[in-house]
Structure formats: C-alpha cells, structure tokens
Enquirer: 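The following block contains the structure, expressed as structure tokens.
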Amino acid sequence: MRNSTLKVYNSLTRNKETFKPINEGYIGMYVCGPTVYNDVHLGNCRTFVSFDIIYRYLLYSGYKVRYVRNITDVGHLLDDGEDRILKGARLEQLEPMEIVQKYTNGFHKMMTIFNTKKPSIEPRATGHIIEQIEMVQDIIDNGYGYEKNGSVYFDTVKFANEGKGYGKLSGRVIEDLLSETRDNLKNQSEKNHPSDFAIWMKAAPEHIMKWNSPWSVGFPGWHLECSAMSTKYLGKTFDIHGGGNDLKFPHHENEIAQNMGACSCQPANYWLHTNMLLMNGRKMSKSDGNTISPEELFTGDSPHVTKGFSPMAVKFFFLQSHYSSPNDLTNDALIAAEKGYKRLMQAYKTLTGLTTAGNGNSLDAEFNDMMETAFNDMDDDFNTPKALSRLFELVTKINSLKEGHIDINQLSAEALENLKKHFSAFLFDIFGLLDEQEAGGGNSQALNGLMDLIIDIRKSARENKDWTTADKIRDKLKELSIEVKDGKEKTGWIIN
RNA sequence: GGUCGCGUGGCCGAGCGGCUAGGCAGAGGUCUGCAAAACCUUGUACGGCGGUUCGAAUCCGCCCGCGACCUCCA
C-alpha cells in the first residue's frame, strides 16, 4: 500500500478533498454504465476508460476495490417518452432482450479493445426489479413518494423543504424549481410538482417490458436502478460514485434524493464526474454529422480523420487530458498522440534492455524522484496528463542512457530495476496500455528471429559498403511497414 | 432564460498567486554511407477590458466566445 495521500475532486462539495475510505483499505465504487440500446458512443468510451484508470490506480495503491458498473436495460426513456430499449427493438425488429444482449456484447467488446478491466459486478436493471420495488415502498413509507393512477412519484418539494438538499449536486435551487410551477400548471400531469420524478411507472397495455408491483403492472424509473443496485452491492453509503457530467442532473441528483428518501443516508461520499469529449471544438452530435464511432476512428473510415488510429493511440489521447476537463478530438491531436504513444512504448523497450555495472549511484536519487513525482501526480486527483509528462521526462533520460550521454554506471542495479518495475507498472498496470506492436505481431518468436537474420544480412552489406543491398532491404521492409533504425551500437526495428 | 463548467503558444493539453509542464509540429546542432531514429539547444502563451496585490495565466467584476445539463407525461 502506498503511504501517500490521495486527493480527489468531489463534485458534491466542489472541492478537492483528501480521500478517506469508509473502511480502511477497502473502497466501494459505483459507476453509471451504458444504456444498451445502440452502439457505444466514443464519449462513453472516454468516461469508462477514465474510471478504469481510477480503478486500476486504486488497486495499484493497494486498496481492495469493489467496482460496480451497471447495464441499463430498462427504464431510460427518450424525450418522446419511449423506452430506449423498446425503441431499439422496434426499429431493428428484435426482442428487447435481443437488443440488450446485442449491444451489451458490443459494449464489452469495445471495453476489451480499450483494455479496461472488468468491473467486480456488472448488474442489470431488469435483474433487480424486486430490489427497486422494495426501494419504492421504502420511499413511500418514509413519506417521500406518492402514487397516482398506478405510477409512483418522488416528492421533491417535501424533500427540499425539509432541507435535505435537493439540487446540491447540480447547483439547482429548489426555489427556482418551485417558481416554475405557475408556468407548468397548464400541463396535464399526475405529478404534484414539475420537479417530481417517476420512480415507478404504470405501463401502457402495449408496453412489452413490464412487471407486477403493488401499484400497477409497470416498470421502474430510470434513476431508481442505480440507487437500488448500489445499495445492494455496496451498502447504503459507499465511497465513490462516478459517471459522466451529463448525468449530474437529473440522474445523480435524483439518485441522492432516492437514497435519502429510502434510508436517510447519502449514497456516496465522493462524486467524480468525467467531462465531455468534443470533436473539432464542438459537441459530438449525430444530427449535424459531427460525430465519429470508435470503429470509424480505428479504420479511418470517416471524413473527420485522414487515417485510422489504433485503440491505444486513442487511449493515449484520452490520457493526455484530465478526466474532468473537456477533451477536443481532432485529427492533428490524434496524430500527435499516436506518435507520443509510440515513443513512450519504444522507450519502455529500450529501458528493458538496459543494464548497468552499477558501480555508482549518483543518479539514483534523481531517477527515483522523477518516478515518485509521477505517482504523486496520480495521487492528485488522478492527474494522468501530468504523470505522463513526468514519464516523458524519463523517456528523455532513458534515451540518453542508451545513447551514452548519461553514464548508466552511475545508476545502481537496484535503482535501474526499480525504474523498470515502476515504469512498467505505470504503462501497463495503471494506464492499461498495450504494446500494439507486440500484440499485432502475434507470432513474435518467429518474427524476431527473422528480423534478426535480415538485419544481420544488411549489416554485412553495410560493412562491405554494398549500399544498394542495404537500402533495398531497408526500403522493402518499409513497404511492409517495418522501419529500420540504425543506432550507434546496433540496428533496431519497429512495426508502424 | 437558469445551473455548472471552460477559453493557455501552430495543434492538443497540464498548471490555478512569484519557480522550464508534457506530447506533436517548427528552427539550429550532434551522430550517420545516405535517410530515419535517438540525443542536445531553441522560439512562440495564457479571449478582451478593468480591479485586488510588492507580484496574476492563476483571485474579483464586466464583456465576448464555447460546452454540458435544465427532469417520462412537455
């Protein structure tokens, strides 16, 4: 366990706070997962990659983490009131559960492509109808819910008037909400007040996904599933709740209200919100064409990019910005990220090949400090861009060691091992990057042997000043996307 | 209109009262058969206008621009 202080920005208090888990050494973390009615959006990928890195860093720091990320498969309605899942089913002429399965599979595949760790528990809303019905009953019993024609609504006015803090997370002021009453009186509504929200909805006869309940045959409100499932798996109050900042209101605000209404307890001590992914400075929007899917990004099949970018290049691009800042996706930025990613991975390979006679240790402190600083950056609200900048300072040092500009023998064997260990931990354990050259190479055993042979032949040619042969080998390899790099000592190669 | 947040060099993006962020691109150099890679050196900055302060990209006010959200039934 790293004995350092972790600080996180808490959306609830709008302050960076020292993180203290409820139970020392253990962390409960809930993140709102996707509604599986469509292919996963690139912006969602950024959010889940961000929380994956948070999860990984907490694990690396020595915590036992229970990471719960749900699958929303019912209740998330569209503006027109249609259930997103049912709309998907209607459009594709599939069973609702086929839609759910299809897009859950797609989501999982994408999470694997981005090399994220699986959550500890991935509960589905439809698998927790009973828990949700029980929670609705608790809310009614405590006086915060009322039934109208088979639907049940949460009484936000009563909740707010008791000073329970409705609107605290999102900055909404209940007085403002109350003042809107007059404008809304003309609307036909079962709700006592416009800011009230449904926690159970009576289903229309033709509605497919519906369950029996004390109030009607119906289905749970969208916000309820997260309250019910986080309570079930993490307890009434747990440590971290995460999600995209577009969920702050109403979803997270209502979640807090539901938990408070059901058991008078705050669901989470720390609320973490990721910011939006933009493209070319504007929000991604299907309606005006300013959007790109992960697949299009990988293949380059989009007018917004000049070429395809590998998943790890994209992930590296995400890492270069803080999770709570907006991130602007542009072709130029992706090209820059791709090159940066390759340089980082190449430096790691260089590092693994370094050895030291270890007869000095004057560099030990400097290298250890640089590595330590990177960890401190992660402790400061998971500042991946800052940590990355530290890693790149080390990249320069590593290359200087290789080139002999810095005397590696001034680094003790222990310090070098330490550097290798921690650099690797950062790249693979914490950031969850993959070496795509290795992964893509597949049968790297044979490939490496083959390349050794080819480079040896070229070396002989060069020694004989047979530049024609040497350049032919180099050019042919380049056509195969293999780049030869002549170093001082020996010749290396990478697959581009 | 309301709530929350953002505007940093050619591009992306950290920093958030005094100290070089970093990546990519650019310039000069080292190395090299040539090239690439690598290494060294280096320029360019904090939307605008005021204010607070010994000192502001960093705090405050106003303005301009941008983003998210503003709750099924609406």
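Note that these values count all heavy atoms, side chains included, but never hydrogens, waters or copies made by symmetry. Keep in mind that what you see is a predicted model, and the values were worked out from it rather than measured.
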Enquirer: Specify the separation, in whole Å, of atom CG of A:Asn275 and atom P of B:C66.
Expert: 17 Å
Enquirer: Heavy atoms only: give me the nearest A:His223-A:Phe197 pair and the separation to one decimal.
Expert: CD2-CD1, 3.9 Å
Enquirer: Kindly determine whether A:Glu162 and A:Lys158 satisfy salt bridge (Lys or Arg N to Asp or Glu O under 4.0 Å), including the steps that lead there.
Expert: CA-CA 6 Å; A:Glu162 290 178 5; A:Lys158 176 179 159 75; 3.1 Å; yes
Enquirer: Tell me the partner of B:U3, counting only Watson-Crick (N1-N3 plus N6-O4 or O6-N4) or G-U wobble (N1-O2 and O6-N3) with both under 3.5 Å; none if nothing fits.
Expert: B:A68
Enquirer: Quantified in whole Å, what is the P atom distance between nucleotide B:A57 and nucleotide B:G2?
Expert: 30 Å
Enquirer: Distance between the C1' atoms of B:C64 and B:A27, in whole angstroms?
Expert: 35 Å
Enquirer: Using the P atoms only, state how far B:G9 lies from B:G22, rounded to an integer number of Å.
Expert: 16 Å
Enquirer: Decide yes or no on salt bridge (Lys or Arg N to Asp or Glu O under 4.0 Å) for A:Asp466 and A:Arg462, but give the supporting numbers first.
Expert: CA-CA 6 Å; A:Asp466 180 4; A:Arg462 292 178 75 204; over 6 Å; no
Enquirer: If you check every side-chain atom of A:Arg14, which of B:G67, B:G15, B:C4 has the closest atom?
Expert: B:C4
Enquirer: Less than 4.0 angstrom between a side-chain N/O of A:Arg343 and OP1 or OP2 of B:C39, yes or no?
Expert: yes
Enquirer: Between A:Leu394 (CG) and B:G22 (C1'), how many Å, whole number?
Expert: 12 Å
Enquirer: Please name the pair of heavy atoms, one in A:Tyr9 and one in A:Arg14, separated by the smallest distance, quoted to 0.1 Å.
Expert: OH-CA, 3.2 Å
Enquirer: Is A:Asp332 side chain donor-acceptor paired with the B:A25 base, going by distance under 3.5 Å alone?
Expert: no
Enquirer: At 4.0 Å (heavy atoms only), tell me whether A:Glu393 reaches a base, stays on the sugar-phosphate, or touches nothing.
Expert: sugar-phosphate
Enquirer: Examine B:C12: is either OP1 or OP2 under 4.0 Å from a nitrogen or oxygen in the side chain of A:Ser321? Give yes or no.
Expert: no
Enquirer: Should B:A36 form a Watson-Crick or G-U wobble pair with both distances under 3.5 Å, which nucleotide is its partner?
Expert: none
Enquirer: Using Watson-Crick or G-U wobble geometry with both distances below 3.5 Å, tell me the partner of B:U52, or none.
Expert: none
Enquirer: Take A:Tyr9 and A:Pro385, find for each the nucleotide of RNA chain B with the closest heavy atom, and name the residue whose nucleotide sits nearer the 5' end.
Expert: A:Tyr9
Enquirer: For A:Arg390, which of A:Asp377, A:Asn376, A:Asp369 qualifies under side chain to side chain donor-acceptor pair (under 3.5 Å)?
Expert: A:Asp377
Enquirer: Taking the same atom, P, in B:A14 and in B:A21, what whole-Å distance lies between them?
Expert: 15 Å
Enquirer: For the side chain of A:Arg458, counting heavy atoms from C-beta on, which of B:C4, B:C39, B:G33 is nearest?
Expert: B:G33
Enquirer: Any donor-acceptor pair under 3.5 Å between the side chain of A:Arg474 and the base of B:A35?
Expert: yes
Enquirer: Would you tell me if any nitrogen or oxygen in the side chain of A:Ser389 comes within less than 4.0 Å of OP1 or OP2 on B:G13?
Expert: no
Enquirer: Counting Watson-Crick and G-U wobble pairs only, both distances under 3.5 Å, name the nucleotide matched with B:U20, or none.
Expert: none
Enquirer: With a 4.0 Å cut-off on heavy atoms, is A:Phe154 in touch with a base, just the backbone sugar-phosphate, or nothing at all?
Expert: nothing
Enquirer: Give a yes or no on whether A:Lys465 atom NZ has more than 12 heavy-atom contacts from other residues, nucleotides or ligands under 6.0 Å away.
Expert: no
Enquirer: Between B:C72 and B:C16, how far apart are the C1' atoms? Round to whole Å, please.
Expert: 41 Å
Enquirer: Are any of A:Asn399's side-chain N or O atoms less than 4.0 Å away from OP1 or OP2 of B:C39?
Expert: yes
Enquirer: Checking all strands, does A:Met276 fall into the base, sugar-phosphate, or nothing category for heavy-atom contacts under 4.0 angstrom?
Expert: sugar-phosphate
Enquirer: Quick one: are the ring centres of A:Phe298 and A:Phe309 less than 6.0 Å apart?
Expert: no
Enquirer: Looking at A:Asn327, I'd like to know whether one of its side-chain N or O atoms comes within less than 4.0 Å of OP1 or OP2 on B:C12.
Expert: no
Enquirer: What's the gap between B:G65 and B:G48 when it is taken at their C1' atoms, as a whole Å value?
Expert: 11 Å
Enquirer: For A:Lys339 and B:A25, is the shortest distance between a side-chain N/O and OP1 or OP2 below 4.0 Å?
Expert: yes
Enquirer: If the C1' atom of B:G7 is compared with that of B:G29, how far apart are they to the nearest Å?
Expert: 37 Å
Enquirer: Do the side chain of A:Asp471 and the base of B:G33 come within less than 3.5 angstrom through a donor-acceptor pair of N or O atoms?
Expert: yes
Enquirer: Between B:U71, B:C24, B:C12, which nucleotide gets closest to the side-chain atoms of A:Ala336?
Expert: B:C24
Enquirer: Which value, in whole Å, describes the distance between the P atoms of nucleotides B:A37 and B:G26?
Expert: 10 Å
Enquirer: Between B:G23 and A:Phe392, is there a base-stacking contact, meaning the centre of the base's six-membered ring lies under 5.5 Å from the residue's ring centre while the planes stay under 30° apart?
Expert: no
Enquirer: Quick one: label A:His223 by what it contacts on the DNA or RNA (base, sugar-phosphate, nothing), any heavy atom closer than 4.0 Å.
Expert: nothing
Enquirer: When we call it a touch if two heavy atoms are under 4.0 Å apart, what does A:Gly281 touch: a base, just sugar-phosphate, or nothing?
Expert: sugar-phosphate
